Each structure stands twice: as structure tokens, then as C-alpha cells.
Amino acid sequence: MWKSLWRSRDRFSLQEFKYQINELQKIKVVDKLNRESIFNILQSIVEIVTYGDRHDPSIFECFMEYQILAEFLRLLKIGRNSRIEAYVLHYLSIMIQNMESDHAIYYCFSNDYINNIILHPYEFDVGDLAPYYVSFLRTVSGKVNRDTICLLVKVQDDIVVSFPLYTAALKFARHEEKMIQIAVRALTLNIYNVSDDMVYAFVTTPPVSEYFSDLVLDLRQQCFSLDILVNAIKDNFTHMMWKELLLETDKFIDDLYYCKDIIRVGDFRLSTLMIHDLLGLLIIPVLLPSLQSYHTNDLQISSLSSLYIFSHLIQIFDVKEVVDSVAVALLYPYTALSIGKDGGSIGRENNINLFLEHLNEFGERLTSISTTESGITDRVNGECLSRHSAECTSSSSHASNLKLDGGQSKSGGILSLIFSENNTLLLASLIFLIILSESKELDDSLASMMGLSQRKIVMEQMASHSQLSHAMDGNIFMKHIPKILNSVLKFLVSQTACAALTQWTTGWVLRKLLVFQDNKLTVQDLDLFNMSYEKSCERLLNEVKCCWFDYIPVTLKNEWERCMAVLDESSKSKDPSLALTTALNRHIPDGDISSSLAWERMVETVKVFVLHHLIKAFVYKGRFPENPLLNLRNSLMNTPEETQGMDVRSVNFGSEPSLGIPCKISFSEGKDREVYLTPMAKGISGKLVLVEKIPHQTRRVVIAVAPLVGLNPIVDKKHQTWLHLRVRDHQPELEGSKTGRYKCIISDDHVVDRRWTLGFSSKEACDAAQLLILKEISKQRSRVESLLAPLLRCSAESLLSNGGGDSNPACVV
């Protein structure tokens, strides 16, 4: 009986809930003495309410009867400056987040409890209240739907005049803490996705709608910051600047994706507003002018930065209005030029008329927007921006002054960037044009005008249409492809031995152009490429004489697959920052350098060779060859070459090999050790082993092992019984990115190679040891050369002779 009297209360019972409510109502002041007990009461109430919402309706009826939300609000009012606000908001967030029934959510949003909690005058400058407050707002937004959103807004005459949840969140949109920014963006998207017409009208009406223009103005400021970094890297590359550029780019891309999410909500007002702000505040006044050299203004950034930013923007914004608008503004000068040059061509006139229809549509998109001097968007009068857009897209008088001499635009436009002497601009321009032309949202007729689209079926269908019977003759860039190809090939030939990342990017562009050109090259272009190919072969042969030749086959095997992945990469996933890597190239010298530097040089050389080999096969065969080293591991394991009495792969510290040439070595000052030197090679593997006899025993043990390749044995000129060896200590990383994306930062910190000096009993013994080491190294090199021979023998003639009927000189025009 006594046990039943002392039985503890059920912590999830209605009785316990009423007890906790009673304790909460007794609180008249909040101070340090009772703050901890208040936290416990709030925690218990939230736990019981969550349980009751799912299992016991009577608990939630009690929750409504005692108006617990009013008690939470009362605590906020009496707890000013007591640091209790964060805990109240925290427990409210937990409670609302865990509510599942629509009835419970509907009640919580009723009677203005939530709005009053939102509008409570918090002091955000004190403590860390802001994260709790924004988290609470985000939690509430996650429970909003078409049935409950009306409970959080104030309406007059069917117009929303107040929406505390939304407007309170926007105050933190530019908060310095990234997590708060993310929470605000998640909240706004939650609200936009409710699809309430009155709410859409509220958020797209000034002054609330200034949030969207502020977003784009932030993007514009980021463009200026990126411009500073891009130009700094171009002039003087440093590791820190490159890292900063990538961080700034990631932030810019995140913001672009958020703008895209807003557009993709599906409401016409939201999407139109966002697109207009992007065009009117960023694309037209800031980005496009830098691609038209005849047009300058105070907002202009460098052409390289504009191309870099545009490429990211087109990749992310698969939005037809944005993509088509960029294409129209980009192509208009050349189209107007075509009118002046060939006004009598019916096919060309029809093509121009179609283009001008696009231009009119482009202008109509901007008629409701203009930019004031303060940068605030005014959607009443669109004349200012319309005039500005006309300037940026160029008038007929501007275009008529453009003169193309041999396919090169010298007065302005993107062709002037392509044919400039700046190789970085060349790559960036072509990457941008390819990304733009392959965008799925680009209008088919605009794609045909550019002449860089692979949508051949669509273009052929368009060409059969009466209005576009000569569309293929009217494209803008296709007629310049031969000269562009020549510029790309010259750039490829001019690269240094250690420019693999840039060459792979150039190879990707080259392959795209070859597809557009149906793999046709002039004889001069073929000679140019063959010259570059032969240089890559020579550099690879030179590496066979250097200290990493034993790793060349496995590096070739890995890089082959990665290079093919890069060349097959879609423009949608292409990283535009790779165009900037021309600024990162540095020449790693030949001769006496550290093994870590030599490793980097060897890998770069292999990458360049693989690229040239694949491109050459693509030119002559129209496809990439299979990797000839896929079964490299098996071929090495089955090699017939053997060493005397020991498998070189099994040699390690502690094993007991046979003795070799006796000598002495000192690993510490004044402590010579008598050892036996044994060089051994099997296939492309090789090691130098130092063996020591254990005193007073017959056993012998390996005390040191070094790679055979890289030893570079040299007899000391003054002490001809001494043999100097350099031990390759650098540990290469064979496993890299399987997608072909590589870190383009080359560290300045390199491993210092160890130096061994061996002392022999006589000059003859020293010479014999040197010859034995060189002999084993030669065996390794012979095996590597035999593996590489089929690749190095591959020439244009062998490709043609082995190609059958589909390989013919048709690739030459």
C-alpha cells in the first residue's frame, strides 16, 4: 500500500501536464535564481504537448484551454534582459517542428500568438539570440500551407498589408553568419512555394520587393570582387589568391542557384521580377558591355571576368528568358552587320527578320523596368533601361562600322576577344560560346545563327522551313570556325611542357570545334597539330631517361581514362575556371631537380602526351581508341624477367636476402656499418637493398631499401672508392579524381631527397657496383620502353593504314 502512495507521476500524463502549467503560471519574474527551473518546466511542457499531439487528444485540449502560447509570450515580456528569450524560442521551435496534426498547427497559428511572438521587441545585439530567432521563423515557415498562411497575414480589401513572418526574416537576409542566411532563404522558398496569390502580390510590391533587387545588387558587387581576384591572378598568381577566388566563386554560385530557385517556383510575377532584375541590374549594365569593346561605362568589368561569370550563369540558369536574352544581345552586332553587307540575300533577310523578332521580344521583357541612380529598381518607367539595352546590344550604325578582316572582328564584339593575342581570353571566350550554344534553353533559331550547336536534326528541319531555308548560311560563328581552330592549335603548340591542365581544357575546346567542323582540318592545321604531337612524344621519351620512368606506364593507364572523361565532358558540367589556368602554368626545369618536382614534370608530360594521342586519333578516326594499358597490372605480373634468387616485390626490411657487394655506409656521424649492396630489377620494378650481417650469427637482414630508379650513381672524383647515390623519397599519389578534375595548385614545398655515400674497398669494387646498378636500371628502362613502343610508334600513317574504310584523308580540306 505504501508503495502505491509513493509511486511517481507519469511524466506524459494529463495530470503531470496540468502540474507543469500551474508551475509556469506561478512565475511572475525571471531572474538568475529561477531561470534553470523555468527551462525545466518549458522542456517538460513541450515534451508532453508533442506526446499529446500524437497519442492523447485530451492533453492538446488542455493546451488550448490554458492558452499555453500566451504563457510563452508572457515569459518573453517579463523576461527582458534575462537571456530567457533564446530558450523560449528554442522550445517553441521544437514543439512546432514536432507537431503532426493539422488541427494543432491551425490552433498555434490562430489568435496572433505566432505573430506577436515574432514581433516581440528582441535585443539581437546582446548574446546569440539571432540564430534561435531565425530558426524559429524557419520552423514556422515549414508548417505553412495554403490553409494556414492566411492566419499569419493581415488583409485589407483583399490585399495583404502585413506579413510579419516574411518581413522579419528579410531583416536577416544579409546577416554575417552563413547559417542564418541559409535559414532565411529556406524560409522565403517555403513561403513562395505555398502558391498564394495575395502573398505573391505582397512580396512583389515595393518596398517588400526590393529584396529581389538587393539580391541582384549583391551579385553585382560579387562580380566586381571576382573581377579584382581574376585580374590579380592573371597578373601574379599565388596559392592564396586562387583559393580566395574559388571561395568567392562558390558563394556567387550559391546565390545564383537561389535566384534560380525563386524563378523555378512557377509564379509569373516572381519569375518576371527576378529575371528583370538580373537583366536590368547585372547582365545588361555590367556583364554585356565588357564583351562589346566599343561600349564602356563606369560599371564595366574586364572581359575575362565577364566571360568567367557568364559561363557560370548560363550553366546554372537554364531559364529560357535569360539564355535567349544573352544570345540576342551577343549576336545582334554581327547580325546587323550581315544586313548591311548582304541585304539582297532573301535567305539572309529571312534569318535577320527572325533575329529581330527575338530582339523585339527581348526589348519587351525590359519595358517595365529601369534603374535609378541609387540602384533601386523602379518598375514604372522602362524607357531608361530600354535605351541602355539598345546601346549594349548595339545599333545598326554601330554594327555597320564593324569590319571583319579575314573573319576577325577588330572593332568590337566577342570575335575580337577570340582573335586577340590573349590566350586566356581565347579559351574563356570559346568555353562561354560552347556553353551558351549547347544550352537546352537556347532557342533553336538562335542556336543555328551561332553555328556552334550540335542539334543538327533541329537545324536541318529549320533549314527545310520556308522562312529559314538559308538559316545555315546565316549563322554567325560557323564561318569563323576554321580560323578559330587555327588559333586554338597555335595556342596548343605554344604551351610549355608543364601546362597539362591548360592543354586538357584546350583539348576539350578543340574537340568541340572539330565536331562542329565535321573533323575537317586544313593541311596547315594538320602540320601544326602534328608538330605539337611530336613535341609531346619527345618530352615523353625524355622522361624515360629521368628518375620516374618506372611510374610512366601506370600513370599513362590512369591519365588515359581521365583525359577521355574530360574530353567527353558536357558543357553543362565544365568548370569555367579552367580557362584561367593559363595563368598558372610554370615551367619545371630539366636537369638536377628534386624528385618531387621531377614527379610533377613527369605527370604533366604524360597528361599532355595522352591528350595529343587522343586528339590525333579523334582527328583521323573520329573516335577515341581503347586504353592499351588497361591490363597493365597482369602484363607486369606475367613478365618473364626474373632476378636471381629473389622476387623484387617481396624485399623489405627484416627479410633475409642473399649477400651482394660488400661496402660501408654511415647513417650517423662516426658510426660506419658494414653492409652488402644488392640492386635487383624485375619488369618495371626495381630496388636497391642494403643487407647487414647480424654479429656472431649466420643470419643477415635488410636494413635499408631504396627505389632503383633515381639513384643516379656517381663515383666521387676525389675519393674514387666512394659511390654517391640519391634516394627518391617522394611518395607519389596514384589515386586521383576519376572525373579528370585536378587540383591546379602546385605547391612550392618539395621533399628533399636523401643522399647515400657508400665506401668500397677499392676503385674496382666501386666501379663494379656502379655498373651493376646501371645495368639493373637499364633492364627496367627496357621494359618500360617496350610497353611504350606501340604508343610512340603510332603516327598519322599508322592510324590511316589500320583504319579500314572509314579512315581516309577526308579530314583534310
Side-chain angles (χ1 to χ4, degrees), residues 64 67 69-70 73 96 99 101-121 133-134 136-173 183-216 258-259 261-278 280 319 321 364-370 372 376-382:
M64 293 187 292
Q67 298 185 10
L69 285 178
L73 184 59
I96 294 173
M99 285 182 173
S101 67
D102 294 337
H103 175 67
I105 296 297
Y106 196 89
Y107 171 77
C108 288
F109 287 5
S110 302
N111 302 317
D112 263 354
Y113 289 133
I114 297 297
N115 280 341
N116 288 330
I117 292 172
I118 293 172
L119 294 173
H120 177 75
Y133 180 73
V134 174
F136 167 71
L137 298 180
R138 179 179 181 176
T139 300
V140 172
S141 72
K143 297 295 182 178
V144 170
N145 55 41
R146 299 194 70 173
D147 296 324
T148 58
I149 195 169
C150 59
L151 303 175
L152 299 177
V153 299
K154 292 184 179 180
V155 180
Q156 292 180 0
D157 300 327
D158 294 330
I159 297 175
V160 175
V161 295
S162 175
F163 192 1
L165 175 65
Y166 183 75
T167 54
L170 294 190
K171 295 177 182 178
F172 296 88
V184 170
R185 293 184 175 186
L187 179 150
T188 57
L189 291 174
N190 286 339
I191 291 173
Y192 301 152
N193 282 301
V194 172
S195 300
D196 185 274
D197 286 338
M198 288 195 297
V199 170
Y200 283 145
F202 175 77
V203 300
T204 56
T205 302
V208 180
S209 62
E210 291 177 5
Y211 171 65
F212 302 103
S213 58
D214 289 341
L215 275 176
V216 180
Y258 175 57
C259 294
D261 289 339
I262 295 174
I263 294 173
R264 290 299 185 189
V265 166
D267 180 72
F268 174 78
R269 286 159 291 188
L270 271 180
S271 60
T272 300
L273 190 60
M274 195 77 255
I275 291 170
H276 280 183
D277 282 340
L278 283 167
V319 178
E321 290 81 1
E364 290 174 2
R365 298 187 187 114
L366 306 172
T367 54
S368 62
I369 183 174
S370 65
T372 64
I376 303 299
T377 303
D378 177 10
R379 297 177 180 83
V380 178
N381 187 351

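Quantities reported herein were computed from a predicted structural model and do not represent experimental measurements. Numbers for residues simply follow the sequence, beginning at 1.
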A.B. asks: What pair of heavy atoms forms the shortest contact from Ser195 to Tyr200, and how long is it?
C.D. replies: CA-OH, 3.2 Å

A.B. asks: Side chains of His103 and Met64: closer than 4.5 Å at any heavy-atom pair?
C.D. replies: yes

A.B. asks: Asn111: what forms a side-chain hydrogen bond (donor to acceptor under 3.5 Å, both in side chains) with it, not counting sequence neighbours?
C.D. replies: none

A.B. asks: List the atom pairs, donor and acceptor, that lie under 3.5 Å between side-chain atoms in residues 137-144 and the rest of the protein, sequence neighbours left out.
C.D. replies:
unit_1: Thr139; atom_1: OG1; unit_2: Ser135; atom_2: O; d: 2.9
unit_1: Ser141; atom_1: OG; unit_2: Arg138; atom_2: O; d: 2.6
unit_1: Ser141; atom_1: OG; unit_2: Asn190; atom_2: ND2; d: 3.1
unit_1: Lys143; atom_1: NZ; unit_2: Gln97; atom_2: O; d: 3.3
unit_1: Lys143; atom_1: NZ; unit_2: Met99; atom_2: O; d: 3.0

A.B. asks: Only one of Ile149, Thr148, Asp147 clears side-chain contact (heavy atoms from CB on, under 4.5 Å) with Phe109; which?
C.D. replies: Thr148

A.B. asks: Between atom CZ of Phe268 and atom OG1 of Thr204, what is the distance when rounded to the nearest 0.5 Å?
C.D. replies: 11.0 Å

A.B. asks: Do the side chains of Leu278 and Ile263 get nearer than 4.5 Å, heavy atoms only?
C.D. replies: yes

A.B. asks: Under the rule for side chain to side chain contact (heavy atoms under 4.5 Å, CB included), what residues qualify as partners of Asn193, not counting sequence neighbours?
C.D. replies: Leu189, Val265

A.B. asks: Ser101: which residues meet the side-chain hydrogen bond (donor to acceptor under 3.5 Å, both in side chains) condition with it, sequence neighbours left out?
C.D. replies: Asp53

A.B. asks: What do the steps show when you test Val194 against Val199 for side-chain contact (heavy atoms from CB on, under 4.5 Å), and what is the final call?
C.D. replies: CA-CA 9 Å; Val194 172; Val199 170; over 6 Å; no

A.B. asks: Could you tell me the separation between the OH atom of Tyr258 and the CG atom of Leu215, rounded to the nearest 0.5 Å?
C.D. replies: 5.5 Å

A.B. asks: Is there side-chain contact between Leu73 and Leu69, with at least one heavy-atom pair below 4.5 Å?
C.D. replies: no

A.B. asks: Sequence neighbours excluded, which residues qualify as side chain to side chain contact (heavy atoms under 4.5 Å, CB included) partners of Ser110?
C.D. replies: Tyr106, Leu151

A.B. asks: Enter the distance from Asn145:CG to Ile105:CD1 here, rounded to the nearest 0.5 Å.
C.D. replies: 9.0 Å

A.B. asks: Give, for atom OG of Ser213 and atom CE of Met274, the distance between the pair rounded to the nearest 0.5 Å.
C.D. replies: 8.5 Å

A.B. asks: Output a table of donor-acceptor pairs, distance under 3.5 Å, between side-chain atoms of residues 154-166 and any protein atom two or more places apart or on a different chain; print 'none' if there are none.
C.D. replies:
unit_1: Tyr166; atom_1: OH; unit_2: Tyr192; atom_2: OH; d: 2.7

A.B. asks: Quick one: are Tyr113 and Gln67 in side-chain contact, heavy atoms under 4.5 Å?
C.D. replies: yes

A.B. asks: For the CD atom of Glu321 and the CD1 atom of Ile275, what is their distance to the nearest 0.5 Å?
C.D. replies: 4.0 Å

A.B. asks: Return the minimal non-hydrogen interatomic distance between Val184 and Ala173, and the atom names on each side.
C.D. replies: CG1-CA, 4.0 Å

A.B. asks: Mind checking side-chain hydrogen bond (donor to acceptor under 3.5 Å, both in side chains) for Tyr107 and listing every partner two or more places apart, or none if nothing turns up?
C.D. replies: none

A.B. asks: Listed by chain and number, what are the side-chain hydrogen bond (donor to acceptor under 3.5 Å, both in side chains) partners of Arg269, not counting sequence neighbours?
C.D. replies: Asp197, Asp267

A.B. asks: Taking only residues two or more places apart in sequence, or in another chain, which ones meet Asp102 in a side chain to side chain contact (heavy atoms under 4.5 Å, CB included)?
C.D. replies: none

A.B. asks: What heavy-atom pair brings Cys108 and Ile114 nearest, and what distance separates the two atoms?
C.D. replies: O-CG1, 3.2 Å

A.B. asks: Supply the atom-to-atom distance Tyr211 OH to Asp277 CG, rounded to the nearest 0.5 angstrom.
C.D. replies: 12.0 Å

A.B. asks: Tell me every residue that passes ring pair (Phe, Tyr, Trp, His ring centres under 6.0 Å) with Tyr133, counting only those two or more places apart in sequence or in another chain.
C.D. replies: Tyr122, Phe124, Phe172

